[in-house]
Trainee: 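Pasting a structure below so you can have a look.
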There are 2 protein chains.
Amino acid sequence: MKPFATADRMARHAPIELEKFVPYQLSIVSNTVSQAIAREYAERFDLGTTEWRVMAVLARHDGEGLSARQVARLTAMDKVAISRALARLVANGRVLRRVHRGDKRRSVLRLSAAGWRIHDAVAPLARRHEREFVATLSEEERDWLGRILDKLMAANEVSEPRASGG
Amino acid sequence: MKPFATADRMARHAPIELEKFVPYQLSIVSNTVSQAIAREYAERFDLGTTEWRVMAVLARHDGEGLSARQVARLTAMDKVAISRALARLVANGRVLRRVHRGDKRRSVLRLSAAGWRIHDAVAPLARRHEREFVATLSEEERDWLGRILDKLMAANEVSEPRASGG
DNA sequence: TGCAAATGGTTTCATTTGAAACTATTGTAA
DNA sequence: TTACAATAGTTTCAAATGAAACCATTTGCA
């Protein structure tokens with residue numbers, strides 16, 4: 001131990017304690033879950049994270065015939081990522097793509113029967129992962145976490161495109 | 001509106017509401033901050049996220065002559081990433097690397113004077129970013145968030161290497 | 001000793017990712 | 001109607017990333 005030298009350094013340089021630094025903690029925690037989930041989807045269903053998100057959004061907005069742009073908004077991911085995910089999903093017969101009548105630029109997207117089967121298999125897994133992830137938290141902590149994340153999402157305005165993982 | 005069709009679908013397929021799904025929320029929130037911070041470091045200091053984390057760890061453990069392996073553990077990142085970050089940091093004269101006497105495999109790392117200068121400029125920025133990020137939260141919420149993240153970090157055992165961003 | 005396994009660290013290769021450029025189509029307004 | 005801006009979506013190119021192979025050195029142990 002060098003108590004004085006240490007105190008000196010702390011005072012002069014005020015180093016950050018990474019493990020108490022919220023953005024760092026968030027990134028670690030987020031990547032840990034995301035990767036665990038992603039690995040399972042990839043292995044069992046040959047499904048990337050972005051692809052799963054696209055499917056989730058299409059499932060949720062069933063019958064609306066979303067466009068790629070709308071999917072991008074709803075997933076908060078950028079359109080390039082969505083374009084690539086859709087290319088794979090369509091190629092694998094999980095998503096049906098037609099052209100919007102009245103606007104030939106737009107696509108009209110929906111899950112195929114095969115897509116729905118995958119969705120129905122993955123959705124419970126996703127919920128289980130979420131449950132396990134927050135398993136160590138108390139009921140009260142889970143509530144707080146939910147509210148806090150809502151607030152952070154709203155405040156740090158995820159205005160348009162972002163993200164990857166989880 | 002198609003209330004019955006909707007109710008039906010919900011019952012049959014139970015689609016996930018992405019925006020209420022904790023791993024998704026975490027990933028969005030985490031990536032949003034991480035990217036904002038990373039952009040600033042990159043622009044103003046030509047410094048990548050991993051590089052900054054390495055510097056933060058070296059600053060915090062000043063005088064201990066950490067090895068790359070130890071830095072990897074302390075940052076929870078994998079050794080390849082650390083190796084690359086160190087290569088740049090050394091090339092840019094921000095980190096000094098010597099060989100451990102007694103074990104020629106190990107390196108002995110510490111910040112150079114230039115490294116300290118960068119550190120001392122970046123650290124307050126990092127703190128500011130963190131403050132702004134949680135600015136919308138109440139005092140109470142910030143406390144809960146801190147505790148919850150600690151718990152999640154501990155529970156979802158970041159056993160060894162992981163992460164990117166932040 | 002002396003040789004296999006383990007460790008610290010770097011390099012290589014393939015994949016992922018993001019930004020910017022590009023195509024096609026539609027909107028607008030002179 | 002023409003021409004310019006905006007929008008939907010894809011492609012291209014470069015940088016970031018991860019996994020596995022790779023060197024050098026050290027450790028464990030027969």
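Within every chain, numbering begins at 1; the chains are lettered A, B, ... in the order of the sequence lines, protein sequences first and strands thereafter.
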Trainee: Starting at CG of B:Asp46 and ending at P of D:dA16, how long is that distance when rounded to a whole Å?
Mentor: 10 Å

Trainee: List the residues meeting salt bridge (Lys or Arg N to Asp or Glu O under 4.0 Å) with A:Glu141, not counting sequence neighbours, and say none if there are none.
Mentor: B:Lys151

Trainee: How would you list, by chain and number, every residue that makes a salt bridge (Lys or Arg N to Asp or Glu O under 4.0 Å) with A:Arg88, sequence neighbours excluded?
Mentor: A:Asp46, A:Glu51

Trainee: Without decimals, in angstroms, what is the distance between A:His100 NE2 and D:dG9 C1'?
Mentor: 15 Å

Trainee: Could you state the CZ-C1' distance from B:Arg88 to D:dA16, rounded to the nearest angstrom?
Mentor: 12 Å

Trainee: When every nucleotide of nucleotides 1-10 of chain C is labelled 5' to 3' by its protein contacts under 4.0 Å (heavy atoms), B for base, S for sugar-phosphate only, - for none, what sequence of letters results?
Mentor: -----BBSBB

Trainee: Taking only residues at least two apart or on different chains, which pairs with a member in residues 93-105 of chain A satisfy side-chain hydrogen bond (donor to acceptor under 3.5 Å, both in side chains)?
Mentor: A:Asp103-A:Arg105

Trainee: Can you list everything that forms a side-chain hydrogen bond (donor to acceptor under 3.5 Å, both in side chains) with A:Ser67? Sequence neighbours excluded, please.
Mentor: A:Gln70

Trainee: Does a donor on one side chain and an acceptor on the other come within less than 3.5 Å for B:Ser27 and A:Arg53?
Mentor: yes

Trainee: For B:Gln35 and D:dA16, what is the distance between atoms CD and C1' respectively, to the nearest whole Å?
Mentor: 13 Å

Trainee: Once you round it to whole Å, what is the distance between P of D:dT17 and CG of B:Asp78?
Mentor: 10 Å

Trainee: Quick one: B:Glu51 CD to D:dA16 C1', roughly how many Å, whole number?
Mentor: 12 Å

Trainee: Taking only residues two or more places apart in sequence or in another chain, which ones pass salt bridge (Lys or Arg N to Asp or Glu O under 4.0 Å) with B:Asp120?
Mentor: none

Trainee: Would you mind reading off the distance between A:Lys104 atom NZ and D:dA6 atom P, rounded to a whole angstrom?
Mentor: 23 Å

Trainee: Separation of A:Asn31 atom CG from C:dT16 atom C1', in whole Å?
Mentor: 14 Å

